[in-house]
Amino acid sequence: MDSHSSMNLRLPPGRLEERFHEKKPLYDEHEALTEANRCLYCVDAPCVTACPTKIDVPTFIHKVATGNVRGAARTILTENLLGESCGQVCPVETLCAGACVYNAWERPPIQIGRLQHYAVTTAIANKPDLFELAPETGKTVALVGAGPASIAAAGWLALRGHRAVVFEKKTIPGGLNTLGIAPYKMKGDAALKEIAWVLGLAKGRIELRLGVDVVAGAAGAEEVSAAALLADYDAVFLGLGLGADSAMGVPGEDGEGVVGATAFIERLKADPALTLDGVQRAIVVGGGNTALDAVHELASLGVAATMVYRRSEAKMPGYAHELAAARVDGAGLVEDRAPIEVVRASGKLVALRVAPAKDGKPVGGAAPEDLPADLVIVAIGQNRATQIAQAFAGVALDPKGRVVVDPATHRTGNAKVWSGGDCVNGGKEVVNAVAEAKVAVLAIHSTLMGAN
Ligand SMILES: Cc1cc2nc3c(=O)[nH]c(=O)nc-3n(C[C@H](O)[C@H](O)[C@H](O)COP(=O)(O)OP(=O)(O)OC[C@H]3O[C@@H](n4cnc5c(N)ncnc54)[C@H](O)[C@@H]3O)c2cc1C
Ligand code: SF4
């Protein structure tokens, strides 16, 4: 177990992630001023409505344009404490920038994400103490998981005067924000730097306990039980995320060369021992954003990478702009094919056997085809690892395994337990996890202060 309240977190050198360049590097001052001055400061700005955390976009951009970068950062971070990450990883094309009025005139929308990244990173670099802490309340909240939902919640709780203890089963904090985001958007070290900033802001009020699994029954070494959290803390926040990668369920799947997408991306980002030596051809199974990230990352690393999707391109759940970007970097797509077997020779992976598919299912009797591969990445979704939530008496899961909350407060069926992020919404974006954490923190705070 590793316990931190301030830290200089860094990933080890020699990772494949380090070979990537950011596609949207940090603006310099001239670029930021030029872009900020394009903004029309719309009344009832659609970019604000489109932001899940409701950042006052025209106000922060106006502050950037007038040289008030610190004020701009405060405007952003008041609504979204992880605004530095979100400026880099948000799918702005489908959120704020996608709603910008410039689109209607077929002109490029304001680069809101890049301006946000510029404002927050510049302000933190100049003077990290952007907010004052409220006096200590004497209350302590336990947070399960150290993903963006819990990190944002812990930061906001600390600013309001509470202590926060975050339990994370992995030894690296940040959840998928550190270990899942495509490296051409943001590297793991940037996510860790942001966590270190939140810890610094909290001035010792947040404790990160890494390598500690929260479990249902009696706790062993490096574990803590749900019952102990309920007994020992004033409130609990569950930021559990999703679970392990789902499997295809086809013959030959178990064995060397076939790996789940999030497990593979985690190693690519954090494990210097991962190499792609001997991998010339890779197949990525799936049609969502994780599949798109995996195929794009492999293609960028020089592997002949092809995505195999069981429906047509038009029906892919992944973003069209991400597919277009992956194609620019050499990724291929095979549509309307479903995997039916992993073909091995003497145990070694040689191909993925696929059949023509209709409505996402292999067509019986149709001639299969072998797609040669040295690596198969399975990106067809993540299992739910939310059963632990039920160890907190009264917390319920819906039929899809998501933690049930009151949407107005994010409180669960246990009056002492709140929840947010992927484990509640089923898997969205970092900004949604932060938005839900914000709702939960407001409710936790008023409950702890006796208003509810
Ligand atoms: C490959 C991939 C790429 C993505 N790219 C983007 C992107 O570009 N932009 C974007 O906005 N979003 C992206 N997302 C989605 C985004 O990362 C998630 O929505 C976000 O991280 C959810 O935050 P969270 O805190 O709810 O969960 P997570 O980030 O999953 O964090 C949950 C944490 O809880 C820990 N945990 C779980 N159970 C326990 C337990 N019992 N005890 C202790 N710890 C526990 C886990 O180890 C984990 O660290 C991506 C997701 C994936 C899979
Ligand atoms: S919609 Fe576009 S132009 Fe209008 S305030 Fe938002 S970013 Fe500026």
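Just so you know, residue 1 is the first one in the sequence shown, and it goes up from there. Atoms within each ligand, like the ligands themselves, are counted from 1 in listed order.
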**Q** Using a strict cut-off of 4.0 Å, indicate which atoms of ligand 2 neighbour a heavy atom of Cys42.
**A**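 Contacts of ligand 2 toward Cys42, numbered from 1: 1 (S), 3 (S), 4 (Fe), 5 (S).
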**Q** To the nearest 0.1 Å, how far is atom 8 (Fe) of ligand 2 from its closest protein heavy atom, and which atom is that?
**A**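 Checking every protein heavy atom, the shortest distance to atom 8 (Fe) of ligand 2 gives Cys39 SG, 2.4 Å.
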**Q** Would you call Lys169-Glu223 a salt bridge at under 4.0 Å N-O?
**A**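 Looking at Lys169 and Glu223, the cut-off is not met.
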**Q** At less than 4.0 angstrom from any non-hydrogen atom of Cys47, what atoms of ligand 2 do you find?
**A**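 This gives 1 (S), 5 (S), 6 (Fe), 7 (S) as the contact atoms.
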**Q** Mind checking whether Asp271 and Arg15 have side chains closer than 4.5 Å, heavy atoms only?
**A**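 Side-chain contact under 4.5 Å: no.
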**Q** Determine, for Lys63 against Asp56, whether the closest basic-nitrogen to carboxylate-oxygen distance falls under 4.0 angstrom.
**A**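 Result for this pair is no, no salt bridge flagged.
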**Q** Can you establish whether the number of heavy atoms outside Glu29 located under 6.0 Å from its atom CD is more than 12?
**A**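 Count not over threshold, so no.
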**Q** One residue to check: Ile112. Relative to ligand 2, which of side chain, backbone, both or neither has a non-hydrogen atom less than 4.0 Å away?
**A**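 Just the side chain.
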**Q** Could you check whether Arg337 makes a cation-pi contact with Tyr309, meaning its NZ or CZ is under 6.0 Å from the centre of the six-membered ring and within 45° of the ring axis?
**A**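 Here Arg337 fails the 6.0 Å and 45° test against Tyr309.
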**Q** Taking 4.0 angstrom as the limit, do Glu17 and Lys269 come out as a salt bridge?
**A**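 Between Lys269 and Glu17 there is a salt bridge, with a charged N closer than 4.0 Å to a carboxylate O.
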**Q** Is any NZ, NE, NH1 or NH2 atom of the basic residue among Lys193 and Glu84 found under 4.0 Å from an Asp or Glu carboxylate oxygen of the other?
**A**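 Answer for the salt bridge query: yes.
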**Q** Do other residues, nucleotides or ligands put more than 12 heavy atoms under 6.0 Å from the CG atom of Asp28?
**A**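 More than 12 within 6.0 Å, yes.
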**Q** Within less than 2.8 Å of atom 8 (Fe) of ligand 2, any N, O or S from Cys100?
**A**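 No.
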**Q** Name the residues in contact with ligand 1, where contact means a heavy atom under 4.0 Å away: which are they?
**A**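 Those residues closer than 4.0 Å to ligand 1 by some heavy atom are Val89, Val144, Gly145, Ala146, Gly147, Pro148, Ala149, Phe167, Glu168, Lys169, Lys170, Gly175, Leu176, Asn177, Gly180, Ile181, Lys185, Val212, Asp213, Val214, Gly239, Leu240, Gly241, Thr262, Ile265, Thr290, Asp293, Gln382, Gly421, Asp422, Lys428, Glu429, Val430, Ala433.
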**Q** To check your reading of the model: name the closest protein heavy atom to atom 3 (S) of ligand 2, its residue, and the distance in Å.
**A**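 Going by distance alone, atom 3 (S) of ligand 2 is nearest to Leu40 N, 3.5 Å.
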**Q** Using atom types as modelled and distance alone, determine if a side-chain donor or acceptor of Glu18 lies under 3.5 Å from a backbone N or O of Pro13.
**A**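 Checked: no pair found.
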